[in-house]
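The structure displayed is predicted, hence computed values, not measured ones.
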Amino acid sequence: MSLRPELIAQLRDIGLFGGLGDQVLQALADTLELIELQPGAVAFREGDNGREMFVLLAGEMEVLKRSKRDVEARVAILGPSDWFGEMSILDVMPRSATVRAIAPSRLLRVTAHDLDALYRRDLRSYTLLVLNIAREMSRRLRVADSLLAELVANMLDEYARPRRPGI
């Protein structure tokens, strides 16, 4: 399945594929599966096994995480050019969250097999792609660290605030 030139241009603008040449993008586009999801459709559920990630080409997805008290909370909203599910390829652990479409969405599915084929065919491009994943994971960790620091600071501030008796 050869994808239209405008889709190749779209892939060129997605950070995951940053630095990859047009021939590599075309080869990936020819082999990666396109998936359409309607609102409410689940890409995967927390706890599922999986060896694939997804690139959001169009639409909107929500990332849901279940707490220890079994409360499901939305932790992120993803839009075009975002990708998700890469942790399952890297650490071979069950999915850490549920990802569900909240608008009609179009995704590219990237499997561990696809990455292995890229590794065997073009080590430089494989390395760039893995570095792009690592950069995004680092960015997400920095954001999570900032949110955690704010939460802890707010809790400490609330705890330190003087209380009136009976309140």
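Taking every heavy atom of both residues into account, Asp70 and Arg66 meet most closely at OD1-CD, 2.8 Å. The two atoms that bring Met61 and Ala43 nearest to each other are CE-CB, 4.1 Å, heavy atoms only. Heavy atoms only, all atoms of each residue included: Leu56 and Ser105 are closest at CD1-CB, 3.9 Å. In terms of heavy atoms, Gly85 sits closest to Met53 at C-CB, 3.7 Å. When all heavy atoms are compared, the tightest approach of Val24 to Ser125 is CG2-OG, 3.4 Å.
Contact check for Leu64 versus Glu46: no side-chain heavy atoms found under the 4.5 Å cut-off. Side-chain atoms of Asn49 and Pro94, non-hydrogen and from C-beta on, do get closer than 4.5 Å to each other. You'll find the side chain of Leu57 reaches within 4.5 Å of the side chain of Leu11, heavy atoms only. Residues Leu107 and Val55 have side chains not in contact (no heavy-atom distance under 4.5 Å, counting atoms from C-beta outward). Phe17 is listed as a side-chain neighbour of Leu129, based on a closest heavy-atom distance under 4.5 Å. Looking only at side-chain heavy atoms (C-beta outward), Glu136 and Arg140 come within less than 4.5 Å of each other. No side-chain heavy atom of Leu28 sits less than 4.5 Å from a side-chain heavy atom of Val110.
Within the model, atoms CD1 of Ile8 and CG of Asp13 stand 11.5 Å from one another, a figure rounded to the nearest 0.5 Å. The CG atom of Leu131 sits 11.5 Å away from atom CG of Leu16, with the distance rounded to the nearest 0.5 Å. The line from OH of Tyr126 to CZ of Arg120 is 10.5 Å long, rounded to the nearest 0.5 Å. Rounding to the nearest 0.5 Å places CG of Leu32 at 10.0 Å from CZ of Arg109. We find the CG-CG distance between Leu108 and Asp114 to be 9.5 Å, quoted to the nearest 0.5 Å. We find the CZ-CG distance between Arg124 and Leu20 to be 8.0 Å, quoted to the nearest 0.5 Å.
Side-chain heavy atoms closer than 4.5 Å link hydrophobic residues (I, L, V, M, F, W, Y) into clusters, and following such links, even through other members, never connects Val71 to Met155. With hydrophobic clusters built from ILVMFWY side chains whose heavy atoms lie under 4.5 angstrom apart, Leu90 does not share a cluster with Val92. Cluster membership check: Ile133 does not share its hydrophobic cluster with Val63, using side-chain heavy-atom separations under 4.5 Å among Ile, Leu, Val, Met, Phe, Trp and Tyr. Under the 4.5 Å side-chain heavy-atom criterion for grouping Ile, Leu, Val, Met, Phe, Trp and Tyr, Phe54 is not connected to Val130 through any hydrophobic cluster. The cluster map of Ile, Leu, Val, Met, Phe, Trp and Tyr, joined by side-chain heavy atoms under 4.5 Å apart, puts Met137 and Val99 in different clusters.
No donor-acceptor pair under 3.5 Å is formed between the side chain of Asp116 and the backbone N or O of Ala112. Listed for the Arg51 side chain is a donor-acceptor partner under 3.5 Å among the backbone atoms of Ile89.
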Would you tabulate the side-chain donor-acceptor contacts of residues 74-83 under 3.5 Å, counting partners in other chains and residues two or more places apart, or write 'none'?
{"unit_1": "Arg74", "atom_1": "NE", "unit_2": "Glu62", "atom_2": "OE1", "d": "2.8"}
{"unit_1": "Arg74", "atom_1": "NH2", "unit_2": "Glu62", "atom_2": "OE1", "d": "2.7"}
{"unit_1": "Asp82", "atom_1": "OD2", "unit_2": "Gly79", "atom_2": "N", "d": "2.8"}

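Applying the side-chain hydrogen bond (donor to acceptor under 3.5 Å, both in side chains) rule to pairs touching residues 142-154 yields nothing, sequence neighbours excluded.
Aromatic ring orientation, Phe84 versus Phe44: tilted (interplanar angle from 30° to 60°).
A donor and an acceptor atom, one from each side chain of Gln26 and Asp22, are nowhere located under 3.5 Å apart.
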Are Asp122 and Gln23 close enough, and set up right, to give a side-chain contact (heavy atoms from CB on, under 4.5 Å), and what steps lead you there? CA-CA 11 Å; Asp122 185 345; Gln23 286 182 332; over 6 Å; no
Walk me through whether Leu147 and Val143 qualify under side-chain contact (heavy atoms from CB on, under 4.5 Å). CA-CA 6 Å; Leu147 291 170; Val143 169; 4.1 Å; yes
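Listed by chain and residue number, Arg95 satisfy the side chain to side chain contact (heavy atoms under 4.5 Å, CB included) test with Ser88 (two or more places apart in sequence, or in another chain).
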